[in-house]
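A short worksheet on the structure shown next.
Note that these values count all heavy atoms, side chains included, but never hydrogens, waters or copies made by symmetry. Throughout, protein chains are lettered first and strands after them, A, B, ... in sequence-line order, and every chain is numbered starting at 1.
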There are 2 protein chains.
Amino acid sequence: MGLAYYVRSVERHTVLLEQEAVVDYALILFAGFASRYKRRMSGRRQILAYLIPGDHCDRGVLDGYPLNHAIETLTRCEVAKVPRAAYLNLLAFHPRIALALQHARLAEEATAHEWMANIGMRSSLERTAHLLCELMERLGTIGLISGGQLDLPLTQVDLADALGHSTVHQNRVLQTLRRDGLISLQERRLRILAPRQLRELAEFEDDYL
Amino acid sequence: MGLAYYVRSVERHTVLLEQEAVVDYALILFAGFASRYKRRMSGRRQILAYLIPGDHCDRGVLDGYPLNHAIETLTRCEVAKVPRAAYLNLLAFHPRIALALQHARLAEEATAHEWMANIGMRSSLERTAHLLCELMERLGTIGLISGGQLDLPLTQVDLADALGHSTVHQNRVLQTLRRDGLISLQERRLRILAPRQLRELAEFEDDYL
DNA sequence: CGCTCGGTTGATTATGGTCAATTCGCGTGG
DNA sequence: CCACGCGAATTGACCATAATCAACCGAGCG
């Protein structure tokens, strides 16, 4: 598709959309990781969702509804910035894409619910396990897993801010998962060593994706 | 509108939609409180959203996407069960309603994000304050506040399950809010005694609703 | 070489969970 | 009419989980 024309590379830690933003273009992530997040006055951040290659940033913004959170890259990214007109055109002429987009929205909403349940009723160990299962699943479907392992360019801070605990504790939780032989994570490479146990621990069900 | 025809009364604690449900009718809440929620194997429940009068239950279910959570009444309710055809008809012939529905969806999504941030990065006291502010706001816009107070038929268990803490702790948090003169809550009637302080405590911003 | 960032560790504190028991109001059946 | 049971709120004692504070390490980089 002609979207490649609009793709550009952006640095890590670039704010793609500010809170309350109303813009006239759509953003589509082609490579790299980004996040939706909110901040408190204290500076504390809550990551609401990870955006991975293939995800769209829009959320009614094109219809004039201001965004209620910010979007920022977590790694260097390839992002397509598609003008509103071209984007609407694309959807109008490719109903399958429009359908896929609707599907993606529902999946993202389901994921948000999953995260809420995750933070609200799971222990830190279970939470982390659940998130890793989800990442494995999502990245798997877009072909980012090779040889049972994948590149996970997220820092422990990024994980902690998504799961709602401190980085120190996040670190210890990851160590526990490693010590128990469930995962291996080093040098930004994640490998799930015991998928079944990890899923069981997290009570992970992949049907929402 | 002719929806009144479809309205019926349902008992408290009635499951309106089961997880994974795919149905051919839309549900609209006319009176009472309901909740979207998930359950863990342990029986623990996480409430994902409160549904109040005027809210629609559908969530892509009419488009054949199974629901990823269950919906249950928290009080006796008046619910309209509108057949798919009639519902689509309604939306097609009343674009303003369709627009309002889209708006409502985005608001609900924004609220979900707000809740995630709430659970993820606020203390139990702040969380509770935030939820009460939100309820006050939402119920106010549909005219359910009279004389500065409102009927809040939710139990402390319902609040605790939405906020992600134990009922015992929820009880103590409410007592603290009362002791500090921020709210008064008894016999199912809530009154916000110090709106400004409560909002400040919760860092509550109402622009997402 | 010194800096920063990300990860790691230990010690201490605090927040909130769990368990168990009590009260109160209300409705129901004997 | 009253005993009983149940749901909801409440209390106290104790425990577990996770936050905070502080320091340190190692790699990469200007």
Side-chain angles (χ1 to χ4, degrees), chain A residues 11-13 33 35 40 42-47 72-76 118-131 151-180 183-190 201, chain B residues 11-14 33 40 42-47 72-76 118-132 151-179 183-190 201:
Chain A
E11 284 302 309
R12 185 183 180 210
H13 290 158
F33 281 61
S35 71
R40 292 193 65 174
S42 67
R44 185 154 174 183
R45 169 180 68 157
Q46 174 69 44
I47 292 182
E72 184 177 320
T73 58
L74 296 174
T75 67
R76 165 182 290 277
N118 205 23
I119 302 176
M121 58 181 182
R122 272 189 258 261
S123 72
S124 56
L125 195 70
E126 297 165 334
R127 254 139 94 168
T128 303
H130 195 278
L131 180 59
D151 257 319
L152 193 68
L154 304 174
T155 68
Q156 294 187 0
V157 177
D158 295 332
L159 292 175
D161 283 357
L163 293 171
H165 28 71
S166 70
T167 68
V168 173
H169 193 59
Q170 184 62 59
N171 180 284
R172 295 198 234 260
V173 167
L174 288 172
Q175 284 179 57
T176 304
L177 288 174
R178 281 190 281 239
R179 198 175 312 120
D180 295 352
I183 67 168
S184 112
L185 176 58
Q186 56 203 315
E187 302 292 326
R188 298 290 141 85
R189 293 203 70 81
L190 169 69
L201 169 64
Chain B
E11 284 302 310
R12 184 183 180 214
H13 290 158
T14 303
F33 280 60
R40 291 195 65 176
S42 67
R44 184 154 175 184
R45 170 180 68 156
Q46 174 68 44
I47 292 183
E72 184 177 320
T73 58
L74 297 174
T75 67
R76 167 182 289 278
N118 205 23
I119 302 176
M121 57 181 183
R122 273 188 257 261
S123 72
S124 56
L125 194 71
E126 297 165 333
R127 256 144 84 173
T128 303
H130 195 277
L131 180 59
L132 294 182
D151 257 319
L152 193 68
L154 304 174
T155 68
Q156 294 188 1
V157 177
D158 294 332
L159 293 174
D161 284 356
L163 293 170
H165 28 71
S166 70
T167 70
V168 173
H169 193 60
Q170 184 63 58
N171 180 282
R172 295 198 232 261
V173 167
L174 287 172
Q175 286 179 55
T176 304
L177 289 174
R178 282 190 279 238
R179 198 175 313 121
I183 67 168
S184 113
L185 176 59
Q186 55 204 313
E187 302 294 327
R188 298 288 140 86
R189 293 203 71 80
L190 169 69
L201 169 63

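- Using a 4.0 Å cut-off on heavy atoms, the residues of residues 151-163 of chain B that approach DNA chain D are B:T155, B:Q156, listed by number.
- For A:T167 (side chain) and A:V157 (main-chain N/O), no donor-acceptor pair under 3.5 Å exists by modelled atom type.
- Dashed line: the shortest gap from a side-chain N or O of B:S166 to OP1 or OP2 of C:dT18 is not under 4.0 Å.
- Between A:I119 and B:G120, the closest heavy-atom pair is CG2-CA, 4.0 Å.
- The CD1 atom of B:I119 sits 13 Å away from the P atom of C:dG16 (whole-angstrom rounding).
- One can place CE of B:M121 at 18 Å from C1' of C:dT15, the figure rounded to the nearest angstrom.
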Short N/O separations, protein against nucleotides 11-16 of chain D, under 3.5 angstrom:
| residue | atom | partner | partner atom | Å |
| --- | --- | --- | --- | --- |
| D:dT11 | OP2 | B:Q175 | OE1 | 2.4 |
| D:dT11 | OP2 | B:Q175 | NE2 | 2.8 |
| D:dG12 | N7 | B:R172 | NH1 | 3.2 |
| D:dG12 | O6 | B:R172 | NH2 | 3.3 |
| D:dA13 | N6 | B:R172 | NH2 | 3.2 |

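- The shortest heavy-atom contact between B:E11 and B:T14 is O-OG1, 2.7 Å.
- Following rounding to the nearest Å, A:L174 (CG) and C:dG7 (P) show an atom-to-atom distance of 9 Å.
- Counting to the nearest Å, the P atom of D:dA27 and the CD atom of A:Q186 are 14 Å from each other.
- Using a 4.0 Å heavy-atom distance criterion, A:R122 is classed as making no nucleic acid contact.
- Computed from coordinates, the A:R179 CZ to C:dT9 C1' distance equals 12 Å when rounded to whole Å.
- Checked against side-chain hydrogen bond (donor to acceptor under 3.5 Å, both in side chains), B:R45 has the following partners two or more places apart in sequence or in another chain: B:D158, B:D161.
- A:L185 places its CG atom 8 Å from the P atom of C:dG7, with the value rounded to the nearest Å.
- Rounded to an integer number of Å, the gap from B:R44 CZ to C:dG16 C1' is 11 Å.
- With sequence neighbours excluded, no residue satisfies side-chain hydrogen bond (donor to acceptor under 3.5 Å, both in side chains) with A:T75.
- Listed nucleotides C:dG16, D:dA8, D:dA19 differ in distance to B:R188; the shortest reach to its side chain belongs to D:dA8.
- A:E126 meets the salt bridge (Lys or Arg N to Asp or Glu O under 4.0 Å) test with B:R40; sequence neighbours excluded.
- Looking at heavy-atom distances under 4.0 Å, B:T167 makes no contact with the nucleic acid at all.
- Side-chain contact between B:N171 and B:Q156 is present, with at least one heavy-atom pair separated by less than 4.5 Å.
- Side-chain contact of A:H13 with A:T73: a donor-acceptor pair under 3.5 Å is absent, judged by distance alone.
- When the P atom of D:dA18 is taken as reference, atom NE2 of B:H169 falls 14 Å away, rounded to whole Å.
- Looking at residues two or more places apart in sequence or on another chain, you find a salt bridge (Lys or Arg N to Asp or Glu O under 4.0 Å) between A:D151 and A:R189.
- Across all strands, B:R12 comes closer than 4.0 Å only to sugar-phosphate atoms, never to a base (heavy-atom distances).
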